[in-house]
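Have a look at the structure below, then the notes.
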Amino acid sequence: MRIALFDSGLGGLTVLSEAVKQLPNEDFLFFADTLHVPYGTKTKDQVLDYVRQSVDMILQDEIKALVIACNTATSAAAEELRREYDIPIIGMEPAVKPAVERNRLTGKRVLVAATPLTLHQSKYTQLVSRVDDHSIVDSLPLPELVGYCESLEFDPDRMTRYFLDKFANYRLEEYGTLVLGCTHYPFYTRILRQILPPHIEIIDGSAGTVRRLDYILKKTGTSGTQRGGDIRFACSSGDPEYMAKMHRAYDYYSTQVAGCERAVDPSF
């Protein structure tokens with residue numbers, strides 16, 4: 001049986017890369033909802049409907065756990081999915097808590113970059129209210145970045161101009177951590193590292209999410225014991241060109257980003 005990872009598009013490949021690293025004895029299915037990407041500019045009800053359709057397609061295969069490798073889909077649909085489906089479902093959330101803990105005593109602020117829908121969901125606002133007792137968290141919506149990633153737009157010059165424009169109204173010297181609150185965003189870790197002051201850490205939630213997955217698999221006695229590492233790709237449109245794009249994007253991230261300039265693991 002496989003572990004399924006689900007996203008609206010290519011972003012969840014960053015989580016898949018981490019899962020392959022941490023769980024070498026597992027086989028994986030990566031599913032992208034290409035019929036409806038991107039999710040971050042849709043309504044919550046739309047996203048919930050799209051996610052249900054995709055999960056029904058995913059469960060046509062033999063799946064032992066599902067990772068919602070998308071912060072937007074997690075915030076909009078995770079609770080409902082856990083009530084409706086009888087398999088372990090692991091979601092994601094922006095790594096706000098560890099970022100706040102890292103910066104609470106330094107006097108530095110935390111900047112959370114995510115999609116507009118994630119930042120406006122009650123799940124996110126409640127998370128910030130719960131952990132940000134010193135009011136050091138600011139939010140930065142980056143609605144265009146998913147589209148750039150889906151187009152495999154990784155040109156350093158163009159993306160540097162984009163990020164500099166987005167950061168223009170922020171005094172970056174005041175920040176200690178940038179939280180990447182969308183799984184598409186780690187594709188740009190190398191570029192961000194070159195732009196941001198060296199004292200700013202860049203973190204995302206992939207490593208913690210996969211550790212949670214590992215814990216649940218062991219708890220339920222379903223951890224892989226065979227020689228794993230087989231990855232199957234699928235998408236809701238069945239488009240062979242997009243399937244080829246997924247392979248290219250996964251290879252790019254695994255070799256050019258994750259293998260070189262990784263975001264910091266926010267665990268202690």
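We use all heavy atoms of the structure for the numbers below, so side chains are in, but hydrogens, waters and symmetry mates are not. All values derive from a computational prediction rather than experimental measurement.
How far CE of Met92 is from OG1 of Thr183: 6.5 Å, rounded to the nearest 0.5 Å. Atom CD of Glu241 sits about 12.5 Å away from atom CE of Met246, to the nearest 0.5 Å. With rounding to the nearest 0.5 angstrom, the CG atom of Leu111 is 11.5 Å from the CD1 atom of Ile136. Rounding to the nearest 0.5 Å gives a distance of 11.0 Å between CD of Glu18 and CG of Leu213. Rounded to the nearest 0.5 Å, atoms CG (Leu192) and OG1 (Thr160) are 8.5 Å apart. Residue Thr41 holds its OG1 atom at 10.5 Å from CD of Glu144, rounded to the nearest 0.5 Å.
Across all non-hydrogen atoms, the minimal contact from Ile231 to Val20 is CD1-CG2, 3.8 Å. Heavy-atom minimum distance, Pro94 versus Val112: CB-CG1, 4.2 Å. Contact record, Ile63 with Met1: O-CE, 3.3 Å, taken as the closest heavy-atom pair. Looking at every heavy atom in both residues, Lys166 comes nearest to Leu142 through CG-CD2, 3.6 Å. Scanning all heavy atoms of the two residues, the minimum distance from Lys64 to Thr222 falls at NZ-O, 2.6 Å. Nearest heavy atom pair, residue Ile216 against residue Ile90, reads CD1-CG1, 3.6 Å.
A salt bridge links Arg104 with Asp133: the closest approach of a Lys/Arg side-chain nitrogen to an acidic carboxylate oxygen falls below 4.0 angstrom. Under a 4.0 Å N-O distance rule, the pair Glu79/Lys123 does not qualify as a salt bridge. A salt bridge links Lys218 to Asp214: at least one charged side-chain nitrogen sits closer than 4.0 Å to a carboxylate oxygen.
When the side chains of ILVMFWY residues are joined at heavy-atom separations under 4.5 Å, either directly or via intervening members, Phe167 and Leu180 end up in a single hydrophobic cluster. Using a 4.5 Å cut-off between side-chain heavy atoms of Ile, Leu, Val, Met, Phe, Trp and Tyr, with links allowed through other members, Ile200 and Leu105 fall into different hydrophobic clusters. Clustering ILVMFWY residues whenever any of their side-chain heavy atoms sit less than 4.5 angstrom apart, transitively, puts Val55 in a cluster other than the one holding Ile3. Hydrophobic clustering, with ILVMFWY side chains joined whenever heavy atoms are under 4.5 angstrom apart, groups Leu117 together with Ile68. Ile89 and Leu48 end up in different hydrophobic clusters when Ile, Leu, Val, Met, Phe, Trp and Tyr side chains are linked at under 4.5 Å.
Asp138 places a side-chain heavy atom less than 4.5 Å from the side chain of Tyr175. At least one side-chain heavy atom of Glu101 sits under 4.5 Å from a side-chain heavy atom of Lys97. Using a 4.5 Å cut-off on side-chain heavy atoms (C-beta onward), Val110 and Val96 make no contact. At a threshold of 4.5 Å between non-hydrogen side-chain atoms, the residues Leu10 and Leu152 count as touching.
Of the options Tyr253, Tyr242, Phe30, Phe233, a ring pair (Phe, Tyr, Trp, His ring centres under 6.0 Å) to His247 is made by Phe233 and by none of the others. Each of Thr115, Asp33, Asp7 was compared with Tyr39 under the side-chain hydrogen bond (donor to acceptor under 3.5 Å, both in side chains) criterion, and only Asp33 meets it. Applying side chain to side chain contact (heavy atoms under 4.5 Å, CB included) to Leu5 and the options Leu13, Leu66, Val210, Val15 leaves one that passes, Val15.
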Arg2/Asp230 under salt bridge (charged side-chain N to carboxylate O under 4.0 Å, His left out): CA gap, chis, key distance, verdict: CA-CA 9 Å; Arg2 294 175 182 269; Asp230 182 67; 2.5 Å; yes

Ile58/Leu29 under side chain to side chain contact (heavy atoms under 4.5 Å, CB included): CA gap, chis, key distance, verdict: CA-CA 8 Å; Ile58 291 168; Leu29 167 66; 4.1 Å; yes

Stepwise side chain to side chain contact (heavy atoms under 4.5 Å, CB included) check, Tyr250 with Ser17: CA-CA 8 Å; Tyr250 180 71; Ser17 178; 4.1 Å; yes

Check against side chain to side chain contact (heavy atoms under 4.5 Å, CB included), Ser54 and Val51: CA-CA 5 Å; Ser54 293; Val51 172; 5.7 Å; no

Audit row: His36, Ser8, side chain to side chain contact (heavy atoms under 4.5 Å, CB included) steps and yes/no: CA-CA 7 Å; His36 304 110; Ser8 61; over 6 Å; no

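Glu150 and His184 are linked by a side-chain donor-acceptor pair at a separation below 3.5 angstrom, with hydrogens and angles left out of the test. Defined by atom type and a distance below 3.5 Å, a donor-acceptor pair is missing between the side-chain atoms of Asn71 and Thr118. A donor-acceptor contact closer than 3.5 angstrom links the side chains of Tyr124 and Ser139. Using a 3.5 Å distance cut-off with no hydrogens or angles, the side chains of Ser206 and Asp204 do pair a donor with an acceptor. Using a 3.5 Å distance cut-off with no hydrogens or angles, the side chains of Asp155 and Tyr162 do not pair a donor with an acceptor.
Looking only at distances, no side-chain donor or acceptor of Thr74 sits under 3.5 Å from a matching main-chain atom of Gly91. The backbone N or O of Glu173 sits less than 3.5 Å from a side-chain atom of Lys108, completing a donor-acceptor pair. Within the 3.5 Å criterion, the main-chain N or O of Leu81 finds no donor-acceptor partner in the side chain of Arg52. Under a 3.5 Å cut-off, the side chain of Ser237 and the backbone N or O of Leu35 do not form any donor-acceptor pair. Checking side-chain atoms of Asn103 against main-chain N and O of Ala99 turns up a donor-acceptor pair under 3.5 Å. Not a single donor-acceptor pair under 3.5 Å links the side chain of Ser151 to the backbone N or O of Glu153. Side-chain atoms of Ser254 never come within 3.5 Å of backbone atoms of Asp251 as a donor-acceptor pair (strictly under, hydrogens ignored).
For OH of Tyr170, the number of neighbouring non-hydrogen atoms (other residues, nucleotides, ligands) closer than 6.0 Å is greater than 12. Applying the 6.0 Å contact sphere to CZ of Arg212 captures no more than 12 heavy atoms from other residues, nucleotides or ligands. Within 6.0 Å of the NE2 atom in His120, the count of heavy atoms belonging to other residues, nucleotides or ligands does not exceed 12.
Between Tyr252 and Phe187, the ring planes are parallel. Angles under 30° get that label, and only those over 60° would be called perpendicular.
Ring pair Tyr148/Phe154: centre-to-centre distance not below 6.0 Å.
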